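Quick notes on the structure that follows.
Small disclaimer: the values here were computed from a predicted structure and weren't measured. Each ligand, and each atom within it, is numbered from 1 in the order the structure gives.
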Amino acid sequence: MNPTDPPPPTPPAAPPQTPAPPLLVVMGVTGSGKTTVGAALSRRLRVPFADADDFHSAANVAKMSAGTPLDDDDRLPWLRSVGAWLAEHAVGGGVMSCSALKRAYRDVLRQAAPQVVFVHLHGEPELVRRRVAGRPGHFMPATLVASQFAILEPLQPDEHGLVLDLGRSVDQLVQDYLAATPPSPTAPAEPSPGPQGDSGEPR
Ligand SMILES: Nc1ncnc2c1ncn2[C@@H]1O[C@H](COP(=O)(O)OP(=O)(O)O)[C@@H](O)[C@H]1O
Ligand SMILES: O=C(O)[C@H](O)[C@@H](O)[C@H](O)[C@H](O)COP(=O)(O)O
């Protein structure tokens, strides 16, 4: 190499790692607040929201409306369609509210979207029963709350997720999620929170 030759070009710096947008399943028994909190989280995180209630077959809805709990066979096709939505949103992120009561059900969802994070809203059965009894215009009777707690399997240590206290307000729960989830290194600085808490600003 001639000493007057220009130095070889340096390779371009690697672009900064942009973290994937969150892909969440807000899980828990009927009436735990999945729909309400899931929708608030999706606004805060600026990702699409879906409610697994809307993925049930008419037969499943009729069964629950009549006060009969679903069984594993009823739930499998439903979980597969919920998993398909998660897979479709794996890149852009999303929030799905889905009871996902058993480990095996969450395995179906993880198989479709391995990066999914579960946010379990957990709390007192009596508070949940009161909320379901007071919720207007929903097919789920309060009599099914007990059966949902009976089959609920909490997140296991190897499952990616966190547990939040459903007794807190919706704004508090959004903040609890954000506090438990470290901000990404490339995210802009957090603005000071407004008076209403859930400001809809991206994290
Ligand atoms: N954190 C909360 N604090 C007070 N009420 C809540 C809270 N989350 C949900 N609710 C109310 O409880 C009822 C059940 O909530 P919902 O989101 O429908 O639960 P799920 O989707 O888990 O069945 C609704 O009437 C809702 O307005
Ligand atoms: O697996 C089930 O038994 C159902 O999916 C149930 O868990 C779910 O809770 C109902 O769809 C009612 O809907 P909400 O949970 O929104 O009340």
Side-chain angles (χ1 to χ4, degrees), residues 24-44 48-86 94-110 112 116 118-155 161-180 196-198:
L24 307 180
V25 168
V26 182
M27 60 165 280
V29 297
T30 184
S32 57
K34 303 180 295 292
T35 308
T36 311
V37 176
L41 277 172
S42 81
R43 288 192 297 274
R44 183 66 171 80
F49 172 71
D51 187 346
D53 276 6
D54 299 331
F55 293 64
H56 276 302
S57 64
N60 277 3
V61 172
K63 191 169 178 181
M64 289 185 279
S65 306
T68 308
L70 301 180
D71 59 29
D72 289 357
D73 291 341
D74 298 321
R75 289 184 180 115
L76 188 57
W78 168 69
L79 289 163
R80 289 200 175 123
S81 56
V82 171
W85 188 94
L86 291 170
V95 178
M96 168 68 81
S97 66
C98 175
S99 49
L101 297 173
K102 294 187 188 178
R103 165 79 193 230
Y105 302 165
R106 298 190 288 274
D107 287 342
V108 172
L109 303 182
R110 261 189 296 268
V116 69
F118 290 90
V119 179
H120 182 189
L121 300 177
H122 193 49
E124 287 305 312
E126 182 47 32
L127 172 58
V128 171
R129 201 202 54 75
R130 279 202 305 273
R131 282 188 187 168
V132 174
R135 176 173 60 178
H138 196 287
F139 60 80
M140 198 70 171
T143 49
L144 285 185
V145 170
S147 70
Q148 297 244 309
F149 272 100
I151 67 159
L152 173 66
E153 294 172 2
L155 288 169
L162 60 145
V163 182
L164 299 179
D165 174 2
L166 62 81
R168 286 165 64 77
S169 74
V170 177
D171 278 354
Q172 283 172 334
L173 285 163
V174 170
Q175 293 305 321
D176 291 347
Y177 167 81
L178 296 173
Q196 77 281 28
D198 179 17

*Measure the distance from atom 27 (O) of ligand 1 to every protein heavy atom, then report the residue, atom name and distance (to 0.1 Å) of the closest one.*
T36 OG1, 4.1 Å
*What is the closest protein heavy atom to atom 24 (C) of ligand 1, and at what distance does it sit?*
R135 CD, 4.1 Å
*Where does R135 meet ligand 2, judged by heavy-atom distances below 4.0 Å: at the side chain, the backbone, both, or neither?*
side chain
*asked:* Are any of the N/O atoms on D51, whether in the backbone or the side chain, positioned under 3.5 angstrom from an N/O atom of ligand 2?
replied: no
*Would you check the N or O atoms of D53, main chain and side chain alike, for any that come under 3.5 Å of an N or O of ligand 2?*
yes
*Report yes if some N/O of G31 lies less than 3.5 Å from some N/O of ligand 1; otherwise report no.*
yes
*Please determine if S169 has a nitrogen or oxygen closer than 3.5 Å to a nitrogen or oxygen of ligand 1.*
no
*Determine whether the side chain, the backbone, both or neither of D51 has a heavy atom under 4.0 Å from any heavy atom of ligand 1.*
neither
_L164 to D176 - nearest heavy-atom pair and separation_ = CD2-CB, 3.8 Å
*Salt-bridged, D71 to K63, with N to O below 4.0 Å?*
yes
With heavy-atom distances below 4.0 Å as the criterion, list the atoms of ligand 1 near [X].
{"X": "L173", "value": "1 (N)"}
{"X": "V29", "value": "22 (O)"}
{"X": "S32", "value": "19 (O), 22 (O)"}

*Whether Y105 lies under 4.0 Å from ligand 2, heavy atom*: no
*H138 side chain to D53 side chain, donor-acceptor N/O pair below 3.5 angstrom*: yes
*Check each of Q172, Q148, M140, R131 against atom 6 (C) of ligand 1 and report the one with the nearest heavy atom.*
R131
